[in-house]
Amino acid sequence: MVSGVPGIAPASLTGFRCRSCGADAGDGTLTEVLDLGTTPLANRLLATEELAEPEPVWPLRLVFCAGCGLCQITETVPPETLFREYVYFSSFSDTMVAHARDLAAELAAQLDLGAGSLVVEAASNDGYLLQWFHRAGIPVLGVEPARNVAVLAREKGVDTWERFFGLETARAIVAERGRADLFLAANVFAHVADPNDFVAGIEALLGGEGVAVIEAPYVREMVERVEFDTIYHEHLCYFSLTAMEAFFRRHGLRAVDVERIPLHGGSLKVTAARAGARRHPAAAVAALLQEERELGVDRAAYFAEFGARVARLREQLTALLGRLKADGRSIAAYGAAAKGSTLLNCFGIGAETLDFVVDRSTVKQGLHMPGVRLPIHAPEHLLKAAPDYVLLLTWNFADEILAQQAEYRRRGGRFIVPVPEPFVVEPAA
Ligand code: ZN
C-alpha cells in the first residue's frame, strides 16, 4: 500500500532520531516522505513448510532529515534477523562480477597495491570482489556476517571474518593485520543499523594515506526514476553526497572523489580519505555538492512529490496488468530480489495476476516470495510455461536479463519493465 490509504492513520514519528545527526522527530527536522504500510522482510523467502505460518511484518516508512540531508527508513529490524543467512549471492549476476573485476584492477593500479598492502571489504559477500585482489597477490580480509556466504568466499581463497563491520571490528583488524590501504564497502553502507559506528570504524582502520571506496544507491536516482522499490527494511539509508559528507566530516574523513555509476539503478561511488591525508579532493566532489544544493536534494521540498508519483506508478502498472489479465494473457515475473518483494507487496500484485517468479539463483529456486507467496522457479521455466508477459522485477539488470532470455523473446515472450513508468519490451525479431 502507499501513503494516504483510507482508514490507516499515519503513525507518529515520536521517538525516532536521525541515524546520522541524531535530530529528534519532535523538533520538526524530520519529514515523512513515503509510507509504504507494513510489509514482510523482502529477502525472507519462504520454504513450502513455512507457507502455513504467519509472516512477521514491519512498518516501511521513509523520512527525510533536514538537519543533515539524510533520507532514511524509521524501522530497524535487528541485523541478526536480517543478515545471518543471506540469500543474495553477488556472483549470480554477471554484471556484478564484471563490475567487481574492473573495479579491483582499477584500484590496484591507482593505489599501487602489492604484497605488502591490505585490502579490507565490509559485507564481502561470497568474495566476488576480493577474489580479484587475492588472485593478484594482494593480501585481503573480508568481513561478512552471513555465514553461508562467508563459506563460499573462503572456497575462493578469500580470508573472511564472520561478523559485522564497525569500530570494534576495525580495532580488531588493526591489532591483528595492521591498517588498511584500501577499505571497500560496495552496497553495504546503506544497510548498516549504526552508520556512525561504521564510519568511525573506517577512520580507525585506514592508514594515513589509505582510502575508502563506498558505493551506495543514489537517492536522486530513486526520486527521479520513481525507484521506490529500492526501499526495503535492509536498506536503511538513501544517500546523497551531501548526506554522506556529513558522516565523513563527523568522523575525521572527507570525500576526495565521487562518480555516478549505473549499478543498482544508479549509485554513487565515493572515495574518502582522512581529512589530513595528502590527497586533495577532486573537482567532482565540490561540483556534485553544488549540483545537489541547486537541485535542493538537501531540503525536504525535493521529496514532496515522490509519494504522489509512486501512487501514480501503482495505478499505471496495476491497470496494465489488469487489462492483460482481462484479455486472457498469462503473466509471470523475473527476479526474486528485495525490490521485487517491495513492488509486489506494496502494490498488492500477487497470485491473482502472476503465475510464478523465476530467478537465476539456485538458492532461491523452490522457495516462495515473501507476502505474496508466489513460487520461485529457474529461468528455464519461462520456456516451458511460456507466459505471454514477464514483469521484470530486477529492472536494474534489464540488459543482462533480456540478453539471457533471447530464446523466450524470440518465441514471442514480452517483458514489462515497471519503472520509471511501465514499458513493454516487444518480442525479439
Ligand atoms: Zn540528520
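All ligand and atom numbering here is 1-based and tracks the order in the structure. The figures that follow rest on heavy atoms only: side chains count, while hydrogens, waters and symmetry mates do not. Nothing here was measured: the structure is a model prediction, and the numbers come from that model.
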Looking just at side-chain N and O atoms, do Asn43 and Glu234 make a donor-acceptor pair shorter than 3.5 Å?
yes

Evaluate whether atom CD of Glu168 has more than 12 neighbouring non-hydrogen atoms of other residues, nucleotides or ligands under 6.0 angstrom away.
no

Determine the interplanar angle of the His235 and His191 rings, folded into 0 to 90°, and report it as parallel if under 30°, tilted if 30 to 60°, perpendicular if over 60°.
parallel

What is the ring orientation for Phe198 with Phe165, classed by angle as parallel under 30°, tilted 30 to 60°, or perpendicular over 60°?
perpendicular

Test of understanding: with side chain to side chain contact (heavy atoms under 4.5 Å, CB included), list the residues that count as partners of Ala286, not counting sequence neighbours.
none

At a cut-off of 2.8 Å, list the protein N/O/S atoms near the Zn ion (ligand 1), residue plus atom name.
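Sorted hits: Cys18 SG, Cys21 SG, Cys65 SG, Cys68 SG.
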
Cation-pi, Phe306 ring and Arg309 (6.0 angstrom, 45 degrees):
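Negative - Arg309 is either too far from the ring of Phe306 or too far off its axis.
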
